[in-house]
**Q** 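Dropping the structure in here first, questions after.
Values reported hereafter were calculated over all heavy atoms of this structure, with side chains retained and with hydrogens, waters and symmetry mates removed.
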Amino acid sequence: NLASVALEKLRKYADVTPYSTQEILALGAAFARTGKTIENTIGLVERAGVLATASQSQGQSQKLADAQRAIIEALGGDFQSFIERFDVGRDKIEALKELKLKGLELVDAMIKIAQVDPQILERLGKSFEGLSSTAVSSFESIRAAFAKPFYDEALLGLKAFTDAMLANQ
């Protein structure tokens with residue numbers, strides 16, 4: 001199943017970044033409409049993670065949101081968010097527009113213009129914040145796995161209750 005493969009790739013990516021699994025999955029969902037293919041969508045997520053490190057905003061979630069917005073808008077030809085959120089001069093944007101890049105090539109050029117080290121996420125993933133994020137995501141996965149049987153049982157009980165209520169109307 002392609003969706004399961006994509007989810008697993010995004011989870012593994014989240015594990016080596018300072019971002020939570022939920023943040024990366026939300027980013028993947030946002031880019032799914034833009035990415036068109038799973039590989040392209042995952043490529044956009046990975047690049048957004050790198051670009052987010054250059055955001056002027058506070059907080060990992062806001063930095064990811066900045067990168068997401070800047071990338072989506074830039075793919076549509078609008079670089080205003082990129083200029084504002086990543087402190088990039090208009091002269092660099094004009095030079096970027098002249099290259100007429102599209103897709104991942106455009107995003108790679110944006111990362112280069114923002115002067116972001118592509119290896120930064122690996123280092124941040126090994127920081128206290130990155131390791132904490134991975135631990136929290138792991139515990140959430142374990143909790144979900146343990147809770148599933150109880151959830152399934154509760155769902156069956158709720159269905160039986162609803163069926164009984166509807167039968168007695």
Side-chain angles (χ1 to χ4, degrees), residues 1-88 90 92-93 96-97 99-127 129-145 148:
N1 180 334
L2 289 177
S4 297
V5 171
L7 287 173
E8 186 59 29
K9 286 182 179 184
L10 290 172
R11 283 189 179 106
K12 285 182 180 181
Y13 175 70
D15 287 346
V16 297
T17 71
Y19 311 118
S20 72
T21 300
Q22 289 75 17
E23 289 170 325
I24 294 300
L25 292 178
L27 193 61
F31 281 132
R33 294 179 288 279
T34 306
K36 296 185 177 57
T37 67
I38 288 175
E39 292 79 19
N40 201 25
T41 297
I42 291 170
L44 289 171
V45 168
E46 291 170 346
R47 285 157 175 87
V50 172
L51 185 60
T53 63
S55 171
Q56 306 299 313
S57 295
Q58 297 295 315
Q60 298 295 359
S61 293
Q62 186 57 50
K63 288 176 183 256
L64 276 176
D66 288 351
Q68 172 193 333
R69 183 172 180 182
I71 289 171
I72 289 173
E73 289 178 5
L75 290 172
D78 179 2
F79 291 89
Q80 192 60 39
S81 288
F82 185 54
I83 292 168
E84 293 171 359
R85 289 171 172 77
F86 297 94
D87 197 28
V88 175
R90 293 191 183 280
K92 291 182 179 180
I93 296 301
L96 183 63
K97 286 180 181 178
L99 295 174
K100 295 185 177 17
L101 299 174
K102 299 210 181 293
L104 296 177
E105 289 178 331
L106 172 63
V107 180
D108 287 339
M110 291 168 65
I111 290 170
K112 192 172 183 178
I113 286 174
Q115 298 177 336
V116 181
D117 175 5
Q119 303 303 315
I120 195 166
L121 273 187
E122 186 176 330
R123 290 192 300 277
L124 290 173
K126 294 176 183 175
S127 69
E129 185 177 6
L131 294 173
S132 296
S133 171
T134 300
V136 167
S137 293
S138 296
F139 284 124
E140 287 173 358
S141 295
I142 291 168
R143 184 183 66 191
K148 185 175 180 348

**Q** For Leu10, what residues pass the side chain to side chain contact (heavy atoms under 4.5 Å, CB included) criterion, not counting sequence neighbours?
**A**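 Applying side chain to side chain contact (heavy atoms under 4.5 Å, CB included) to Leu10 gives Ile24, Leu25, Ile42, Val45.
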**Q** Among all residues two or more places apart in sequence or in another chain, which pass the side chain to side chain contact (heavy atoms under 4.5 Å, CB included) test with Ala109?
**A** Leu96, Leu101
**Q** If you count every heavy atom of other residues, nucleotides or ligands that lies below 6.0 Å from Gln62 atom CD, does the total exceed 12?
**A**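 Count over threshold, so yes.
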**Q** List in chain and number order the residues that pass salt bridge (Lys or Arg N to Asp or Glu O under 4.0 Å) with Glu73, two or more places apart in sequence or in another chain; answer none if no residue qualifies.
**A**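 For Glu73 the salt bridge (Lys or Arg N to Asp or Glu O under 4.0 Å) partners, ignoring immediate neighbours, are Arg69.
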**Q** How many angstroms lie between atom CD of Glu46 and atom OG1 of Thr17, to the nearest 0.5 angstrom?
**A**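 Answer rounded to 0.5 Å: 10.5 Å.
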**Q** Heavy atoms only: give me the nearest Ala114-Leu51 pair and the separation to one decimal.
**A**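 For Ala114 and Leu51, the tightest heavy-atom pair comes out as CB-CD1, 4.0 Å.
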**Q** With a 4.5 Å heavy-atom cut-off, do Phe86 and Ile113 have their side chains touching?
**A**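 No, their side chains stay 4.5 Å or more apart.
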**Q** Going from OG1 on Thr34 to CD1 on Ile71, what distance comes out if it is rounded to the nearest 0.5 angstrom?
**A** 9.5 Å
**Q** Test: salt bridge (charged side-chain N to carboxylate O under 4.0 Å, His left out). Region: residues 76-86. Which pairs qualify, not counting sequence neighbours?
**A**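 Pairs touching residues 76-86 that pass the test: Asp66-Arg85.
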**Q** Which residue pairs pass the ring pair (Phe, Tyr, Trp, His ring centres under 6.0 Å) test when at least one of the two sits in residues 44-72, sequence neighbours left out?
**A** none
**Q** Which residues pass the salt bridge (Lys or Arg N to Asp or Glu O under 4.0 Å) test with Lys12, not counting sequence neighbours?
**A**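 Applying salt bridge (Lys or Arg N to Asp or Glu O under 4.0 Å) to Lys12 gives none.
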**Q** Looking at Val50 and Tyr13, what are the two nearest heavy atoms and their distance?
**A**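 It is N-OH, 4.3 Å.
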**Q** Taking salt bridge (Lys or Arg N to Asp or Glu O under 4.0 Å) as the test, write out the residues that go with Asp108, two or more places apart.
**A** Arg47
**Q** What is the distance from atom CD1 of Ile38 to atom CG of Leu2, rounded to the nearest 0.5 Å?
**A** 4.0 Å
**Q** Do the side chains of Leu44 and Ile72 get nearer than 4.5 Å, heavy atoms only?
**A**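 Contact flag for Ile72/Leu44 side chains = no.
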**Q** Would you say the side-chain atoms of Ser55 pair up with the backbone N or O of Ala52, donor to acceptor, closer than 3.5 Å?
**A** no
**Q** Could you list the residues that satisfy side chain to side chain contact (heavy atoms under 4.5 Å, CB included) with Ala30, not counting sequence neighbours?
**A**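 With neighbours one apart ignored, the set is Arg33, Gln68.
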**Q** Please identify each residue that fulfils side chain to side chain contact (heavy atoms under 4.5 Å, CB included) with Ala74, with sequence neighbours left out.
**A** Phe79, Leu106, Met110
